[in-house]
Amino acid sequence: MAKGKPDYDNLSPTGHRNPPMPWFGMDIGGTLTKLVYFEPCDLETANEEEAEALTTIRKYLTRNITYGQTGIRDAFLEMQKQTIGGRSGSLHFIRFPTSEMNSFIELAKAKNFPHLAKSICATGGGAYKFEDDFKHQVNLELHKFDELDCLIEGIHFIDRNNDKCECYYWKNPGDSKLATKEKFDFRNPYPYLVVNIGSGVSILSVRGPAEFQRVSGTSLGGGTFLGLCCLLTGCETFEEAITLATDGDSTKVDKLVRDIYGGDYNSSKIKLPGDIVASSFGQMNLKERRENATPQDLARATLVTITNNIGSIARMVAVREKVERVVFVGNFLRVNTISMKLLAYAMDFWSQGAMKALFLEHEGYFGAMGCLMEYMKLGQKM
Ligand SMILES: Nc1ncnc2c1ncn2[C@@H]1O[C@H](COP(=O)(O)OP(=O)(O)O)[C@@H](O)[C@H]1O
Ligand SMILES: CC(C)(COP(=O)(O)O)[C@@H](O)C(=O)NCCC(=O)O
């Protein structure tokens, strides 16, 4: 710190002790690494060393991340005018594939990152997997936090602080012409279920601000969709897989109730509409049907299969936990309105309107946000 200058890093205007800048939270997931960075706007009040470090980070974010050397800054998700640790600034949301973690570590080394920060906070499986690499290659200490604690803390923070309304639901999700995204007031959320659809799926029952349990999960998640889609269609990216699915027709691949019954299954006891999937991929046993199925149809059927399975597990868990609101998060829902509408429709249909599927704008960033919040708390202990 420059001589004679006050230590703005460590004392917030509210008298709390803050941890050293830069303020990052990083969630190193099975597929994507998510980074939330708080950029203070009161640089003029910072001491020289801090101001220089923050300017370097600003350049790093705009040059290396926005232009895609390591990843992508989701600029449209940026949250401006935030106050964290008594300082005002903006939150930036950045992601890159976890498979590129070694390039990220190389870049951090090349940019002399340890000169800016001695330690960073990380959550997700990669916080454990890459801990030694950070320590030995970049001389950075990782403070590790549990990914589910961070997820819940991040959801609550962003929901309370996003003035553009974080939480929404789909009205008329079963009708492509009438379906609309509507705001949902999530100020009194408890109890609710969180279904985090990342590489795999974790389901949490949340009863209070820090009171939750992981009550279920499934390995058939976003990673399964992407993996199967790459195998079946030859696509290479999630975006490509979603584009294919958008143009596809899953009924050419799945066997519906009407393919088996010739119409609805309507007996004295059972009522199943004919357009419900009876058997996912059930038509693919026939050579002729396989030959007629396009990559688009296969991508759509994969998306529908994975989504319906998650929806069905979520609904059973919600019944068992006696909750009516189910919040779906995770990057599987990125640019994926097909799955959101399917989940919304299925939750409503199978619960006879008793359950509501909810969604959050910052879908995959809550773990990283919660991790940043945990980092702020570290300041009290330093
Ligand atoms: N650009 C992308 N690259 C890879 N997967 C993506 C991308 N965007 C969305 N996804 C989907 O998001 C999933 C990962 O979600 P995420 O919540 O980040 O989980 P994790 O923490 O396991 O990485 C992938 O399995 C894939 O289905
Ligand atoms: C192991 C995980 C918590 C890792 O989280 P992720 O990186 O997938 O977000 C998650 O993949 C998971 O809960 N998988 C499902 C395991 C199961 O209950 O079958």
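Order of listing sets the numbers, starting from 1, for every ligand and every atom in it.
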Ligand-residue contact atoms, ligand 1 with [X], heavy atoms, under 4.0 Å:
X    : result
R334 : 1 (N), 2 (C), 7 (C), 8 (N), 9 (C)
L226 : 4 (C), 5 (N)
G330 : 17 (O)
K34  : 16 (P), 18 (O), 19 (O), 20 (P), 21 (O), 23 (O)
G30  : 20 (P), 21 (O), 22 (O), 23 (O)

As a test of reading the model: which residues have a non-hydrogen atom less than 4.0 Å away from ligand 2?
G30, E147, S199, G200, V201, S202, R214, G217, T218, S219
Nearest non-hydrogen protein atom, [atom]:
atom                    : value
atom 3 (N) of ligand 1  : L32 CD2, 3.7 Å
atom 22 (O) of ligand 1 : S199 OG, 2.6 Å
atom 26 (C) of ligand 1 : F238 CD1, 3.6 Å
atom 17 (O) of ligand 1 : N331 N, 3.0 Å

Should I72 and L32 be regarded as members of a common hydrophobic cluster, given that ILVMFWY residues are connected when their side-chain heavy atoms come within less than 4.5 Å of each other, either directly or indirectly?
no
Using the six-membered ring of F184, assess whether NZ or CZ of K356 lies under 6.0 Å from its centre and within 45 degrees of the ring axis.
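Judged by the rule, K356 and F184 form no cation-pi pair.
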Quick one: which of G29, G198, A241, G222 has a heavy atom closest to atom 14 (C) of ligand 1?
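Comparing heavy atoms across G29, G198, A241, G222, the nearest one to atom 14 (C) of ligand 1 lies in G198.
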Should we count CD of E182 as having more than 12 external heavy atoms under 6.0 Å?
yes
How far apart are the C-alpha atoms of K181 and E361, what are their side-chain angles, what is the distance that settles it, and do they pass the salt bridge (charged side-chain N to carboxylate O under 4.0 Å, His left out) test?
CA-CA 11 Å; K181 205 171 145 176; E361 297 287 354; 3.2 Å; yes
Sub-4.0 Å heavy-atom contact, [X] with ligand 1:
X    : answer
E147 : no
E239 : yes
G223 : yes

Could you check whether any side-chain N or O of [X] sits under 3.5 Å from a backbone N or O of [Y], counting only pairs where one atom can act as donor and the other as acceptor?
X    : Y    : answer
N162 : I158 : no
K271 : S267 : yes
D146 : D149 : yes

Under 4.0 Å between a Lys/Arg side-chain N and an Asp/Glu carboxylate O for R207 and E321?
yes
Would you kindly specify which portion of T31 sits under 4.0 Å from ligand 1, judged on non-hydrogen atoms: side chain, backbone, both or neither?
both
For the pair [X] and [Y], name the ring-plane relationship: parallel under 30°, tilted 30 to 60°, perpendicular over 60°.
X    : Y    : value
Y192 : F186 : perpendicular
H156 : Y190 : perpendicular
F366 : H362 : perpendicular
F332 : F225 : perpendicular

Side chains of F145 and L378 in contact at under 4.5 Å (non-hydrogen atoms)
yes
Side chain or backbone, does F225 bring an N or O within less than 3.5 Å of an N or O on ligand 1?
no
